[in-house]
2 protein chains.
Amino acid sequence: MPKDRPATRIQKKNRAAILEAALEVFSAHGFRGATVDQIASEAGLSKPNLLYYFPSKEAIFTALLSELLDTWLDPLRALDPEGDPLEEMLAYVQRKLQMSQDFPRESRLFANEIVQGAPRMLEALSTDLKDLVEEKAAVIEGWMTAGRLKPSHPKHLIFSIWSLTQHYADFDVQVRTLMGSEDPFDAAPDFLDTFYRRMLTPA
Amino acid sequence: MPKDRPATRIQKKNRAAILEAALEVFSAHGFRGATVDQIASEAGLSKPNLLYYFPSKEAIFTALLSELLDTWLDPLRALDPEGDPLEEMLAYVQRKLQMSQDFPRESRLFANEIVQGAPRMLEALSTDLKDLVEEKAAVIEGWMTAGRLKPSHPKHLIFSIWSLTQHYADFDVQVRTLMGSEDPFDAAPDFLDTFYRRMLTPA
DNA sequence: CTTGAGTTTGACCAGTTGGTCAAATCCGGT
DNA sequence: ACCGGATTTGACCAACTGGTCAAACTCAAG
């Protein structure tokens, strides 16, 4: 393991390659299903070489998680309390859907982990994520009591957005199998826009 | 492996115990993350004894999948083309939500498998499930063109129902973490009923 | 070109895992 | 009580897995 001196050119390159490879492998097989050898070979390194940069499989995984979680929550963070309520919500849905299209591996990585009880993420869930959700749920609740959105349960509403958008990434195989040649992402933006307009447009 | 004579009392009991144990373990850890030893001990058998009833880990898994898939699709099969469109759709949503509440392990079993590319389910998806979805999507489409449901994309609508209802089972840890002491299943039925009423009630 | 830190590797290890096998035990019908 | 098939088990194996280590190699700065 390199000392804590400033990272060298080679360190930067290899760490990045490892995390990219880890994303590929972990998202496809889950933590337990992924092997260090797989990740190393995907990154173009030998196994001992990979373990020179990260002390263990677990360390790679948690480094990857913490690197990605922030980005993953950006769309929700960007929900602007000062903006127009309906447009803010619809824009949030579209940002989240775009993430599913552009970063399906990240979505599946989290899905894998959470489905299995999130043993390595519980802390992040119950601190960072929980705070953010409380904050934004309050904003949405405010909009609803002000009559600027049709009333509903704010947290369930947020869950519904996660669920509907991430479904296209997490269940990609199923969705594509059932849609035949048609690309799910062609119709999804319109579908979700319509869905949430009907759900949220105040009377 | 027992011959193909009629199954004995002991065979029935042990096969059932194995499948129950397999559901518990596979749904919690995925195929790769589950071990035969875990399943055997959960079923109260030794590993060689378990392998006397099923020839391999893979065989247990596929037996489990095919046993459960049918039940899993029942709520959609029950969608009645002769019933009232809006009530049929809302009832389907509630049946599916009830399945998530009553059989979360089954939901997570499928989720695990599909997120990882459904390597052991693709055939079932592209035959049984695909046929069923085509059939029911056509029914829904018919209701929409007859003006009895607000128009929308039928397949995406079905996906949305799966997504929203299964989310409560598959992402249970996350949902519960973020809802604190409140039980998600208290508010979910109302939330989804409202959601799909707004979405589907014709003008 | 030397030097010393940074990097890479082959050989290796202990624990786990899916699966096998022959021998032992159990059980229901006669 | 006895028999033959059904059931169960302990011992075992080969493959795989995460991880270690000392030795070798590379590279940039002086």
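Because only heavy atoms are used, hydrogens play no part in the values below, and waters and symmetry mates are left out as well, while side chains stay in. Every chain is numbered from 1 and lettered A, B, ... according to where its sequence line falls, protein lines coming before strand lines.
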Checklist entry - Are Phe171(B) and Phe110(A) close enough that their ring centres sit under 6.0 Å apart? => result no
Subject >> Test item: side-chain donor near acceptor, Ser100(B) and Thr165(B), under 3.5 Å >> reply: no
Next on the checklist: Donor-acceptor check, side chain of Gln38(B) to backbone of Thr35(B), threshold 3.5 angstrom: yes or no?
Outcome noted: yes
Glu58(B) CD to dT17(C) C1', in whole Å, measures 15 Å
Note: contacts of residues 31-38 of chain A with DNA chain D (heavy atom, under 4.0 Å) are Ala34(A), Thr35(A), Val36(A)
Taken to the nearest whole Å, CG/Leu51(B) to P/dC13(D) is 18 Å
From CD1 of Ile60(B) across to C1' of dG18(C) the rounded distance in Å is 10 Å
Is there a donor-acceptor pair under 3.5 Å between the side chain of Lys57(B) and the backbone N or O of Ala34(B)?
yes
Q. Counting N and O atoms only, with roles assigned by atom type, does the side chain of Lys96(A) sit under 3.5 Å from a partner on the main chain of Gln166(A), one being a donor and the other an acceptor?
A. no
Ordered by number, residues from residues 42-50 of chain A within less than 4.0 Å of DNA chain C (heavy atoms) are Ser46(A), Pro48(A), Asn49(A)
note: Ile10(B), atom CD1; dG5(D), atom P; distance rounded to Å ~ 17 Å
| Is it true that the side chains of Ser160(B) and Tyr196(B) contain a donor and an acceptor less than 3.5 Å apart? | yes
Can you tell me if Gln11(A) touches the phosphate of dT7(C), counting only side-chain N or O atoms and a distance under 4.0 Å to OP1 or OP2? yes
Are Arg15(B) and Phe54(B) in a cation-pi contact, defined as NZ or CZ under 6.0 Å from the six-membered ring centre and within 45° of the axis?
yes
| Does a side-chain N or O from Tyr52(B) land closer than 4.0 Å to OP1 or OP2 of dT8(D), or not? | no
From CD1 of Ile39(B) across to C1' of dG19(C) the rounded distance in Å is 14 Å
- request: Return no unless some side-chain N or O of Arg9(B) is found under 4.0 Å from OP1 or OP2 of dG28(C).
  value: yes
In whole angstroms, the gap separating C1' of dT8(D) from CD1 of Ile18(B) amounts to 12 Å
Between the main-chain N or O of Leu23(A) and the side-chain N or O of Arg105(A), is there a donor-acceptor pair closer than 3.5 Å?
no
Whole-Å distance, His29(B) NE2 to dT16(C) P, equals 15 Å
note: Phe54(A), atom CZ; dT20(D), atom P; distance rounded to Å ~ 15 Å
query = Aromatic ring centroids of Phe31(A) and His29(B) under 6.0 Å?
reply = no
